[in-house]
Q: 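One structure follows; several queries about it will come next.
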Amino acid sequence: MLEQIIAAFQKIYHCDPDFVLRSPGRINLIGEHTDYNEGFVFPLAIKYAQWLAIRANGMQEVKLHSLDLDAESVFSLTDFSEKGEGWIRYPQGIAFMLSQDNYSLTGWDGLLSGDLPIGAGLSSSAALEMVVARAFSLLGGYSWDPKKMALLAQKTENQWVGMNCGIMDQLISGCGEAGKAVLIDCRSLDLSSYMLPAGTVIVVMDTMVKHSLVASAYNERRAQCMEGAKFFGRQVLRDVSIDEFAARKDQLPELVMRRCQHVLSENLRTLEAAKCMEENDPERLGRLMNESHASLQNDFEVSCAELDIMAYESQKLDGCYGARMTGGGFGGCAIALVQADKAECFQSDISEIYQKRTGIKPNIFITEGAQGTSVVYSK
Ligand code: GLA
């Protein structure tokens, strides 16, 4: 990938890049739709990433070529009144937010490419935001603080792009650890990393479907969680205990009650998952993943037919400890915790079953925890 991106940069810009950077996508082991409730999530950065080759251009603008989309775009670093469309919104939004925070912005020419599937629910936009933030910090000469930049990238999504996401995707893209999954407390932003249980791997299974209305359904879920917290006189569901909820849940509107039920139980499952990792207990971890899927399907209602087929068919297969949808939902990927020596067989079986039941060929791969945003080449 590195040679390929350097060669492509030379072809387009007729010179060498100063730096090549990468920022990975993610899957979430457990802890879904909990981040914006200031709860717990347990993601890992994956081996696929957004790559960016850059060279300072001495101007007050960024020129960015996307190899995969075969598109080019230029934006100013002094005038943000013309808002770009599509993929360029993310880099431009990061530049805007940096300028709002009084960071000095240095112009660059860049070539963007990657092996991270776009729109598959693996956080390609968060990876893009973080790799661009790294580029500005490198050329601007300010130290790289991934947590601070993840917050800035989240603000870009919320205020520039209009997606009301939580902090998980940007934070794990910036702070991923090789070989580890990272438990994140989304209130304190404290991170603790854990190895998967011995002899297990994570299989990622892309359903290849993306249903519409994802952003509006996501924002609606967020609002319902806030309504639930308000009922209990709190700002966020993190501060509502499961006992308090059980005592008064019948007074809540039914839909809001089920949304809260998911978030509160998912937080407990996520903390328990950390114990399973410590105690090297894949069976219990798998059961928690299965419960998480059912809760997302029935109470939070963010699954879809294809994700259900992928998760439930996986759960039946030999060597699979547990499986669930991962990410925001309504399509994208499911994941399974699988016995390492059965993983090859598992992948071909689930691929065949899914294709038979849906007529769609899935994209299936094994991943382990990967390092977060990094500089992989400097001239
Ligand atoms: C999307 C959002 C995240 C998180 C997940 C659901 O990926 O970007 O912030 O809320 O959905 O867990």
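These figures come from a predicted structure and were not determined experimentally. Numbering of ligands and ligand atoms starts at 1, following listing order.
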Q: Ligand 1 and S123, any nitrogen or oxygen pair closer than 3.5 angstrom?
A: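 No, since none of the N or O atoms of S123 sits under 3.5 Å from an N or O of ligand 1.
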Q: Purely on distance, is any nitrogen or oxygen of H33 under 3.5 Å from one on ligand 1?
A: yes
Q: Aromatic contact between Y13 and H65, with the criterion being ring centroids under 6.0 Å apart: yes or no?
A: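 They do not qualify: ring centres at least 6.0 Å apart.
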Q: For ligand 1, which atoms have a heavy atom of E32 less than 4.0 angstrom away?
A: 6 (C), 12 (O)
Q: For K11, does the NZ atom sit with more than 12 other heavy atoms under 6.0 Å from it, leaving out its own atoms?
A: no
Q: Do any side-chain atoms of residues 19-27 form donor-acceptor pairs under 3.5 angstrom with protein atoms, and if so which ones, sequence neighbours left out?
A:
residue	atom	partner	partner atom	Å
R22	NH2	K47	O	3.1
S23	OG	S173	OG	2.8
S23	OG	T373	OG1	2.8
R26	NE	S123	OG	3.3
R26	NE	D169	OD1	2.9
R26	NH1	G121	O	3.0
R26	NH2	S123	OG	3.3
R26	NH2	D169	OD1	3.4

Q: Regarding ligand 1, does R26 bring an N or O atom to under 3.5 Å of one of the ligand's N or O atoms?
A: yes
Q: Name the closest protein heavy atom to atom 8 (O) of ligand 1, giving the residue it belongs to and the distance to 0.1 Å.
A: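 Answer for atom 8 (O) of ligand 1: D169 OD2, 2.7 Å.
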Q: Under 4.0 Å from a heavy atom of M168: give me the atoms of ligand 1 that qualify, with their elements.
A: 4 (C), 5 (C), 12 (O)
Q: If you measure every N/O of Y36 against every N/O of ligand 1, is any gap under 3.5 Å?
A: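 Not met; the criterion fails.
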Q: May I ask you to check whether Q315 and N290 show a side-chain donor-acceptor distance below 3.5 Å?
A: yes
Q: How are the rings of Y36 and Y218 set to each other: parallel, tilted or perpendicular (split at 30° and 60°)?
A: perpendicular
Q: Closer than 4.0 Å to some heavy atom of D35 - which atoms of ligand 1 meet that?
A: 3 (C), 4 (C), 9 (O), 10 (O)
Q: Could you list the residues that satisfy ring-ring contact (aromatic ring centres under 6.0 Å, His included) with F231, not counting sequence neighbours?
A: none
Q: When you measure from the centre of the six-membered ring of W160, is the NZ or CZ of K83 under 6.0 Å away and within 45° of the axis?
A: yes
Q: For C165, is at least one N or O under 3.5 Å away from an N or O on ligand 1?
A: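 Not met; the criterion fails.
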Q: What atoms in ligand 1 come closer than 4.0 Å to a heavy atom of Y218?
A: 1 (C), 2 (C), 3 (C), 4 (C), 9 (O), 10 (O), 11 (O)
Q: Which atoms of ligand 1 have any heavy atom of G166 under 4.0 Å away?
A: 9 (O)
Q: May I ask you to say whether E244 pairs ionically with R248, meaning some side-chain N is under 4.0 Å from a carboxylate O?
A: no
